[in-house]
Structure formats: structure tokens, C-alpha cells
Amino acid sequence: MDTFLNNEEPFQIRLKSKEFFQQPTIELAKQLLGCLLIKESLDGVASGYIVETEAYMGPEDKAAHSFQNRRTKRTEVLFGEAGIAYTYRMHTHCLVNVVSGEKEKPEAILIRAIEPFSGIPLMETRRKTTVLRNLTNGPGKLTKALGITMDDYGRSFQEPPIMIAEGVLPDEIASGKRIGIENSGEAKDYPWRFWVKGNPYVSRHQREI
DNA sequence: GACCCGATTGTCT
DNA sequence: GACAATCGGGTCG
């Protein structure tokens with residue numbers, strides 16, 4: 001599919017395949033690094049390279065919303081096909097995940113940070129700042145910058161208005177403990193956070209394990 | 001219905 | 001480092 005990301009430079013995007021999303025969750029969490037996350041809206045298009053992810057492994061992961069297979073209206077989409085958007089509200093912000101795993105396996109990958117690529121003026125307006133580094137370096141910030149909302153809940157990442165496409169190949173991937181899940185017992189120490197080593201848009205700099 | 005809590009962020013000290 | 005913002009989800013009843 002051809003899409004024009006901005007008015008300056010036509011840019012051909014190659015959407016990621018269904019098979020791509022069907023990889024094991026931990027593997028997919030790493031493979032998503034470097035991919036382009038794109039959101040179209042009435043205001044325009046904005047996109048960025050994924051530079052930080054976290055895997056949430058479902059029934060056995062105390063930090064996951066689907067811990068012990070908890071199945072509610074909110075978590076329902078987690079039990080479906082891989083490659084679908086799982087959005088939810090965290091305090092005042094909307095966070096976005098990529099549903100992964102087989103059907104009936106409620107696993108997902110939180111997108112924690114992206115590196116701005118296109119639609120930067122639009123992101124600046126939405127974020128009310130022109131500090132490039134502060135535009136998308138956090139899970140709540142990137143959704144605001146891209147215009148991702150609860151309306152995107154359940155949408156496929158393989159067609160507009162929200163898409164994941166081929167991007168760049170990261171030089172080096174680092175891993176460590178996930179962030180913000182201190183009350184999740186032993187799960188808080190699982191090394192399921194992945195980021196592009198040295199990338200300035202990663203949400204927090206933290207020691208690798 | 002009441003209560004508690006949270007995969008965050010921005011602001012103030 | 002502390003804390004408020006702000007509201008839906010989950011639990012208990």
C-alpha cells in the first residue's frame with residue numbers, strides 16, 4: 001500500500017504482515033523495535049520509530065491485565081488475534097499495546113517510546129511543546145503526539161488509521177526490568193522491557209539486566 | 001454504590 | 001523527591 005506521510009516527501013510504507021505479529025510475544029517485542037508506528041487522523045498523519053517496548057505475558061504475569069486469564073470487557077481484545085490494538089486509560093493518559101500470542105492467549109506488548117519521524121509540527125501542537133526529545137519519550141506522551149485514543153481499541157495495525165510498518169534495523173537491543181509495576185510481586189523483576197540501546201527517545205534510562 | 005488502585009505525566013519544592 | 005490530576009476497572013456487597 002502506498003501512503004503519503006507528509007507533504008514534503010512521499011514515503012512508501014510496507015505494512016507488517018499477519019505472520020510478523022504471530023511471532024512469540026518476547027520475540028515480537030524485540031522485532032517491533034525499529035518499526036514505524038503510524039496514525040492518521042483528520043488533523044493529519046504522524047509517525048515514529050518504535051524504540052522501547054514491554055511484553056505482558058497474560059495468565060502467569062501478575063503485572064498483566066489478563067493475569068489469571070481475567071476476561072472482561074476491557075481485556076476482551078487481548079484474547080483475540082495478534083496484530084490488534086489494545087488501548088486503555090492510565091490516570092489521565094491513553095496507552096497503546098500490540099496484541100500478540102495465539103487466539104485465547106491474552107498476551108500483549110506495550111509501546112513505551114518512539115522516535116519522531118513524520119508529522120512533527122502536528123505532534124508539537126498536540127503535546128504543547130517543541131522540545132523534540134520530549135514529544136514521544138513515554139507511553140502516554142506518544143499516544144498524545146500521534147493522536148491515538150480509546151477509539152483505536154480493537155483496531156488492526158494492518159490498515160488505516162493506525163498502522164505498523166517496516167522501519168529501520170536497530171543496531172543493538174538492550175533489555176531490563178519493566179517500569180511502573182512495583183506492586184506485581186515476583187513479576188516486577190522479569191526482564192521483559194526492550195529498547196534500542198543508546199536511543200535518546202527511550203522513556204527512562206535504566207540499568208540492563 | 002462505595003472503595004481502592006493504577007503499565008503516567010507535569011509541576012512544585 | 002513528593003504529589004495532584006482524574007476516571008475507568010475491579011472488587012465487595
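Proteins come first, then strands; the chains are lettered A, B, ... in the order of their sequence lines, and each starts at number 1.
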With A:R133 as the cation and A:Y201 as the aromatic partner, state whether NZ or CZ is under 6.0 Å from the six-membered ring centre and within 45° of the axis.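 Judged by the rule (NZ or CZ under 6.0 Å from the ring centre, within 45° of its axis), A:R133 is not positioned above A:Y201.
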
Find the distance [X]:[atom1] to [N]:[atom2] and express it as a whole number of Å.
{"X": "A:K144", "N": "C:dT6", "atom1": "NZ", "atom2": "C1'", "answer": "14 Å"}
{"X": "A:Y56", "N": "B:dG6", "atom1": "OH", "atom2": "P", "answer": "13 Å"}
{"X": "A:R70", "N": "B:dC5", "atom1": "CZ", "atom2": "P", "answer": "14 Å"}
{"X": "A:F67", "N": "C:dT11", "atom1": "CZ", "atom2": "P", "answer": "11 Å"}
{"X": "A:L78", "N": "C:dG10", "atom1": "CG", "atom2": "P", "answer": "11 Å"}
{"X": "A:R71", "N": "C:dG10", "atom1": "CZ", "atom2": "P", "answer": "13 Å"}

Taking everything shown except A:E102 itself, do over 12 heavy atoms lie less than 6.0 Å from its CD?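 12 or below, so no.
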
Quick one: stems involving DNA chain C, counted as three or more successive Watson-Crick or G-U pairs, both distances short of 3.5 Å.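 Expected stems, ordered by start: B:1-6 with C:7-12, B:8-12 with C:1-5.
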
Can you identify which nucleotide, out of B:dA7, C:dG10, C:dC7, has its nearest atom closest to the A:R74 side chain?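 My answer, after comparing the listed nucleotides, is C:dG10.
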
Along nucleotides 8-13 of chain B, 5' to 3', which nucleotides get a B, which get an S, and which get a -, given that the test is a protein heavy-atom distance under 4.0 Å? BSS---

Aromatic plane relationship, A:F157 with A:F21 - under 30° parallel, 30 to 60° tilted, over 60° perpendicular: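 Judged by the thresholds at 30° and 60°, the geometry between A:F21 and A:F157 is parallel.
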
Does the side chain of A:T25 reach to within under 4.5 Å of the side chain of A:I109, using non-hydrogen atoms?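 Answer yes - side chains close enough.
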
Quick one, A:I173 and A:K197 - any side-chain contact, counting heavy atoms below 4.5 Å?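 With C-beta onward as the side chain, the pair stays apart.
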
Residues from residues 101-109 of chain A sitting under 4.0 Å of DNA chain B, heavy atoms only?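 Going residue by residue through residues 101-109 of chain A, none turns out to have a heavy atom under 4.0 Å of DNA chain B.
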
salt_bridge([X], [Y]) N-O dist < 4.0 Å:
{"X": "A:D189", "Y": "A:R178", "value": "no"}
{"X": "A:R193", "Y": "A:E52", "value": "yes"}
{"X": "A:K62", "Y": "A:E186", "value": "no"}

Between A:N183 and B:dG6, is there a contact of a side-chain N or O with OP1 or OP2 at under 4.0 Å?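 Looking at the OP1 and OP2 atoms of B:dG6, one of them is under 4.0 Å from a side-chain N or O of A:N183.
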
Counting distance only, does the side-chain N/O of A:Q23 pair as donor-acceptor with the main-chain N or O of A:F20 below 3.5 Å?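 Checked: pair present.
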
Okay, side chain of A:T75, backbone of A:R70: is any donor-acceptor separation there less than 3.5 Å?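 It does hold such a pair.
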
With a 4.0 Å cut-off on heavy atoms, is A:T72 in touch with a base, just the backbone sugar-phosphate, or nothing at all?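 Answer is sugar-phosphate: A:T72 comes under 4.0 Å of backbone atoms only.
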
Would the A:Y88 and A:H65 ring centres measure less than 6.0 Å apart?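 Distance test on ring centres: under 6.0 Å, yes.
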
